[in-house]
Asks: 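One structure follows; several queries about it will come next.
Counting begins at 1 with the first residue of the sequence. The figures that follow rest on heavy atoms only: side chains count, while hydrogens, waters and symmetry mates do not. In listed order, ligands and their atoms are each counted from 1.
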Amino acid sequence: MLLTIDCGNTNTVFSLWEHDVILQTWRTSTDHRRTADQYYVWLSTLMQVRGITADIRNVVISSTVPRVVFNLRVLCDRYFDCRPLVVGKPECRLPVPPRVEEGVRPGPDRLANAAGAFQRHGGHVVVVDFGTATNFDVVAEDGAYVGGVIAPGVNLSLEALHQGAAALPHVDISRPERVIGTNTVACIQSGVFWGYTGLIEGITQRIKAEYGRPMKVIGTGGLAALFAQAEDLFDEIEDDLTMYGLRVIHDYNTAMTI
Ligand SMILES: Nc1ncnc2c1ncn2[C@@H]1O[C@H](COP(=O)(O)OP(=O)(O)O)[C@@H](O)[C@H]1O
Ligand SMILES: CC(C)(COP(=O)(O)O)[C@@H](O)C(=O)NCCC(=O)O
Ligand SMILES: [K+]
């Protein structure tokens with residue numbers, strides 16, 4: 001069985017695949033101090049709860065936090081008896097290499113998104129990925145990741161307001177009906193929700209204008225659905241896009257070694 005691991009700056013997500021479908025997905029906070037043994041106890045307990053007896057033999061990792069990769073490698077070696085494919089490392093080949101400036105290392109999450117988006121939609125795609133950062137990943141006609149935009153993430157912005165302004169409380173994101181807030185919380189929610197709606201609209205429009213061809217806009221990450229309520233921001237929402245991209249990269253590497 002294949003395990004795909006998407007480690008972001010906030011959360012680390014594990015998806016277990018049975019053939020072409022994701023059987024289960026589990027999420028834990030990202031912490032580079034977590035050991036291989038801790039991961040395994042956590043993962044095997046969750047599998048037991050679901051009655052899954054998995055024979056994991058293949059693992060693919062995308063990590064935007066380099067430090068956690070060490071313990072994830074130990075997990076694979078000690079418990080799954082395999083060497084994981086780590087996206088961004090030289091031994092992990094990509095179906096289509098990125099076209100960016102010399103020496104730039106695009107986030108592995110962005111490379112996985114590009115691989116997944118190309119497989120599903122062909123090229124000419126913008127992926128809007130709501131994580132710790134809000135990323136826009138541009139995928140060209142041939143499937144190459146060709147760059148994009150990195151904006152501060154929604155929760156990071158909310159947290160920054162709280163940290164930086166003594167009188168502003170911590171607020172959770174939600175969609176306010178009105179733009180003009182009549183209390184502090186409503187004002188913050190409006191600023192962040194409608195502010196990000198404008199950011200997504202504005203940046204996708206500018207990307208399309210610069211790219212010069214019609215493009216599909218795919219939203220992914222936990223908050224995509226919330227923003228989709230606001231306006232017509234996305235052509236599709238695909239929560240599993242990064243995981244699917246990891247699977248595509250795995251299949252490509254397997255085919256190359258046969
Ligand atoms: N459905 C949701 N509602 C509210 N916040 C969410 C939701 N999904 C994710 N988040 C928040 O969005 C932020 C980014 O989440 P995540 O996608 O896990 O980021 P990363 O991939 O960078 O680790 C986190 O602060 C997380 O708590
Ligand atoms: C922009 C990111 C921090 C987003 O990561 P995430 O929000 O998923 O943790 C990540 O893609 C990254 O570290 N990128 C490296 C720089 C680049 O992509 O150009
Ligand atoms: K991510």
Asks: Ligand 2 versus Asp109, non-hydrogen atoms closer than 4.0 Å: side chain, backbone, both, neither?
Replies: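 For Asp109, the contact with ligand 2 is made by the side chain alone.
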Asks: Does an N or O anywhere in Val104 fall below 3.5 Å from an N or O of ligand 2?
Replies: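 Among all N and O atoms of Val104, none is under 3.5 Å from an N or O of ligand 2.
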Asks: Please compare Gly148, Ser62, Gly221, Gly107 and report which has the shortest non-hydrogen distance to atom 15 (C) of ligand 2.
Replies: Gly107
Asks: Below 4.0 angstrom from a heavy atom of Gly8, which ligand 2 atoms are there? Numbered from 1 as shown, please.
Replies: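 Those atoms are 9 (O).
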Asks: Among Thr242, Asp240, Thr25, which residue satisfies the side chain to side chain donor-acceptor pair (under 3.5 Å) criterion with Ser15?
Replies: Thr25
Asks: Return the residue, atom name and 0.1 Å-rounded distance of the protein heavy atom closest to atom 1 (C) of ligand 2.
Replies: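 Protein heavy atom with the smallest distance to atom 1 (C) of ligand 2: Asn135 OD1, 3.4 Å.
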Asks: Out of curiosity, does Val248 fall in the hydrophobic cluster containing Val96 (side-chain heavy atoms, cut-off under 4.5 Å, transitive links)?
Replies: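 No, separate clusters.
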Asks: Can you tell me which residue pairs pass the salt bridge (Lys or Arg N to Asp or Glu O under 4.0 Å) test with a partner in residues 2-31, sequence neighbours excluded?
Replies: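 Found Asp31-Arg33.
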Asks: Can you list every protein residue that has a heavy atom under 4.0 Å from any atom of ligand 1, sorted by chain and residue number?
Replies: Gly8, Asn9, Thr10, Asn11, Arg27, Phe130, Gly131, Thr132, Asn155, Gly222, Leu223
Asks: I'd like to know whether the aromatic ring centres of His124 and Tyr211 sit less than 6.0 Å apart in this structure.
Replies: yes
Asks: How far is atom 13 (O) of ligand 2 from the closest protein heavy atom, and which atom is that?
Replies: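 For atom 13 (O) of ligand 2, the nearest protein heavy atom is Thr64 CB, 4.2 Å.
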Asks: Quick check on contacts: which atoms of ligand 2 are under 4.0 angstrom from a heavy atom of Asn9?
Replies: 3 (C), 5 (O), 6 (P), 9 (O)
Asks: Output yes when Asp235 and Lys216 qualify as a salt bridge under the 4.0 Å nitrogen-oxygen rule, no when they do not.
Replies: no
Asks: To check your reading of the model: name the closest protein heavy atom to atom 19 (O) of ligand 2, its residue, and the distance in Å.
Replies: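 Heavy-atom neighbour on the protein nearest atom 19 (O) of ligand 2: Arg110 NH1, 3.4 Å.
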Asks: Between Tyr196 and Phe130, is the ring centroid distance below 6.0 Å?
Replies: no
Asks: Have a look at Leu3 and tell me which of Ile61, Val60, Ile56 forms a side chain to side chain contact (heavy atoms under 4.5 Å, CB included) with it.
Replies: Ile56
Asks: Checking Asn135 against Asp129: is there a side-chain donor and acceptor pair closer than 3.5 Å?
Replies: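 No - no donor-acceptor pair under 3.5 Å links their side chains.
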Asks: Quick check: does Arg105 get an N/O under 3.5 Å from an N/O on ligand 2?
Replies: no
Asks: Taking the six-membered ring where the residue is Trp, are the ring centres of Phe193 and Phe227 under 6.0 Å apart?
Replies: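 Distance test on ring centres: under 6.0 Å, yes.
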Asks: Does the Asn253 side chain pair with the main chain of Ile249, one donor and one acceptor, at a distance under 3.5 Å?
Replies: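 At least one qualifying donor-acceptor pair exists.
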Asks: Looking at Glu177 and Arg175, is any side-chain nitrogen of the basic one under 4.0 Å from a carboxylate oxygen of the acidic one?
Replies: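 Result for this pair is yes, salt bridge flagged.
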Asks: So if I count the atoms of ligand 2 from 1 in the order they appear, which ones are less than 4.0 Å from some heavy atom of Pro106?
Replies: 17 (C), 18 (O)
Asks: Do ligand 2 and Tyr145 have nitrogen or oxygen atoms that lie under 3.5 Å from each other?
Replies: no
